Amino acid sequence: MKYGEKRLKSGKTVLANFLSDTTERLGGEYRPTQGVRMVSFECDLESSSDHQPCEVTLWDCSGNFKFESCWPALTTDSCGVVLVYNPTVPSQLREIESWFSMFVSSQGLQDTQCVLVAHRQPGDTHTHADTHSDLASPLSSLMVIQSNLEENPEAVRQHFYTYLQKVVKVVTESRERDEMSIIT
């Protein structure tokens with residue numbers, strides 16, 4: 001699975017570290033991702049019929065345009081896309097459309113294979129009740145996870161697992177169709 005965009009401290013790395021249990025604490029000094037960073041982990045999805053752990057690789061992609069030439073390679077064969085943005089920064093709401101076009105639409109992924117994460121930064125006191133209504137048309141049908149790791153981190157993880165279940169279902173159905181087409 002290829003993971004998220006944004007260049008204005010949206011919180012991709014913090015979120016990837018949290019979801020993969022890579023770090024014990026949140027916060028710390030901001031260091032922008034250089035190019036891409038891959039984080040792999042296993043998780044147990046409750047709805048998995050064979051109860052096998054789900055292997056996940058998050059590609060924590062820099063949103064810095066100096067790495068733009070690498071982005072097409074990151075989209076190849078992706079199963080899903082997580083777009084992370086800070087809902088308190090209006091420019092990120094507008095820019096997320098470009099990321100969607102580049103990382104989702106161009107790959108022909110279904111809406112269920114993409115999730116938006118409205119990630120609030122530590123100490124953010126700005127309240128924004130309905131970020132979904134602020135989204136442009138192509139994004140309004142996507143699942144949106146409201147992320148605040150200070151207030152309710154396990155809810156973020158559970159919503160992410162719900163998203164993963166949808167991706168696994170799409171990938172499994174596609175694999176089964178491919179296998180049937182070989183047989184027939």
Side-chain angles (χ1 to χ4, degrees), residues 1-6 9-28 33 36-61 63 74-87 92-93 96 99-100 103-105 107-122 124 128-132 134-135 138-177:
M1 175 175 306
K2 313 276 168 89
Y3 177 83
E5 326 321 321
K6 267 333 318 95
K9 299 182 183 182
S10 61
K12 297 181 310 296
T13 299
V14 169
L15 191 59
N17 288 344
F18 169 74
L19 293 171
S20 64
D21 289 323
T22 303
T23 185
E24 292 287 321
R25 65 179 184 80
L26 298 174
T33 300
V36 67
R37 182 181 72 102
M38 295 185 296
V39 181
S40 296
F41 62 99
E42 287 185 355
C43 63
D44 187 24
L45 301 178
E46 295 173 8
S47 72
S48 175
S49 59
D50 56 4
H51 297 290
Q52 295 290 324
C54 179
E55 294 182 24
V56 177
T57 301
L58 298 176
W59 293 50
D60 181 4
C61 171
L74 301 178
T75 62
T76 303
D77 296 329
S78 60
C79 299
V81 176
V82 178
L83 297 170
V84 181
Y85 69 100
N86 182 336
Q92 288 190 12
L93 281 172
I96 205 79
W99 299 109
F100 178 81
F103 285 85
V104 180
S105 298
Q107 298 306 305
L109 297 177
Q110 299 175 17
D111 285 354
T112 56
Q113 291 174 273
C114 181
V115 65
L116 300 176
V117 179
H119 183 70
R120 301 198 183 284
Q121 302 296 320
D124 183 7
H128 201 284
D130 185 15
T131 56
H132 209 85
D134 293 337
L135 298 172
L139 305 174
S140 62
S141 62
L142 300 177
M143 176 181 178
V144 178
I145 297 174
Q146 299 296 327
S147 171
N148 186 326
L149 299 179
E150 288 183 325
E151 290 182 11
N152 199 349
E154 287 311 309
V156 174
R157 186 182 315 275
Q158 289 308 310
H159 288 302
F160 180 72
Y161 284 3
T162 298
Y163 161 70
L164 283 180
Q165 289 169 341
K166 292 175 183 180
V167 171
V168 167
K169 180 180 178 188
V170 168
V171 170
T172 301
E173 289 172 353
S174 176
R175 185 179 307 130
E176 289 171 355
R177 278 192 307 276

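Only a predicted model underlies this, so the values are computations on that prediction, with no experimental measurement involved.
- By the 4.5 Å heavy-atom criterion applied to side chains, S78 and W59 are not counted as neighbours.
- Separating the CZ atom in R37 from the NZ atom in K12 is a distance of 10.0 Å, to the nearest 0.5 Å.
- Once rounded to the nearest 0.5 Å, the distance linking CD1 of I145 with CG of L15 reads 8.0 Å.
- The closest side-chain heavy-atom distance from K169 to Q165 is not below 4.5 Å.
- For E55, the side chain to side chain contact (heavy atoms under 4.5 Å, CB included) partners at least two apart in sequence or on another chain are E42.
- Using a 4.5 Å heavy-atom cutoff, the side chains of F160 and L58 are in contact.
- With rounding to the nearest 0.5 Å, the separation of CZ in R157 from OG in S147 is 11.0 Å.
- Under the rule for a side chain to side chain contact (heavy atoms under 4.5 Å, CB included), the partners of Q158 that lie at least two apart in sequence or sit in another chain are Y161.
- Scanning all heavy atoms of the two residues, the minimum distance from K166 to T112 falls at CB-O, 4.0 Å.
- Here the CD atom belonging to Q107 is positioned 10.5 Å from the CG atom belonging to L74, to the nearest 0.5 angstrom.
- Taking the side chain to side chain contact (heavy atoms under 4.5 Å, CB included) definition, one finds that S105 meets it with F100, sequence neighbours left out.
- Of the residues L93, D111, I96, the one that meets the side chain to side chain contact (heavy atoms under 4.5 Å, CB included) test with L139 is I96.
- Residues A16 and V39 approach most closely at O-CG1, 4.4 Å, considering heavy atoms.
- Across V81 and L109, no two heavy atoms sit closer than the pair CG2-CD1, 3.7 Å.
- Across all non-hydrogen atoms, the minimal contact from H119 to P87 is O-CD, 3.5 Å.
- Taking both residues in full, the closest heavy atoms of F18 and P153 are given as CZ-O, 3.3 Å, listed atom of the first, atom of the second, then distance.
- Checked by atom type and distance alone, the side chain of Q92 pairs as donor or acceptor with a backbone atom of N86 at under 3.5 Å.
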- Message: Walk me through whether N152 and H159 qualify under side-chain contact (heavy atoms from CB on, under 4.5 Å).
- Response: CA-CA 11 Å; N152 199 349; H159 288 302; over 6 Å; no
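- Residues V167 and C79 approach most closely at CG1-O, 3.6 Å, considering heavy atoms.
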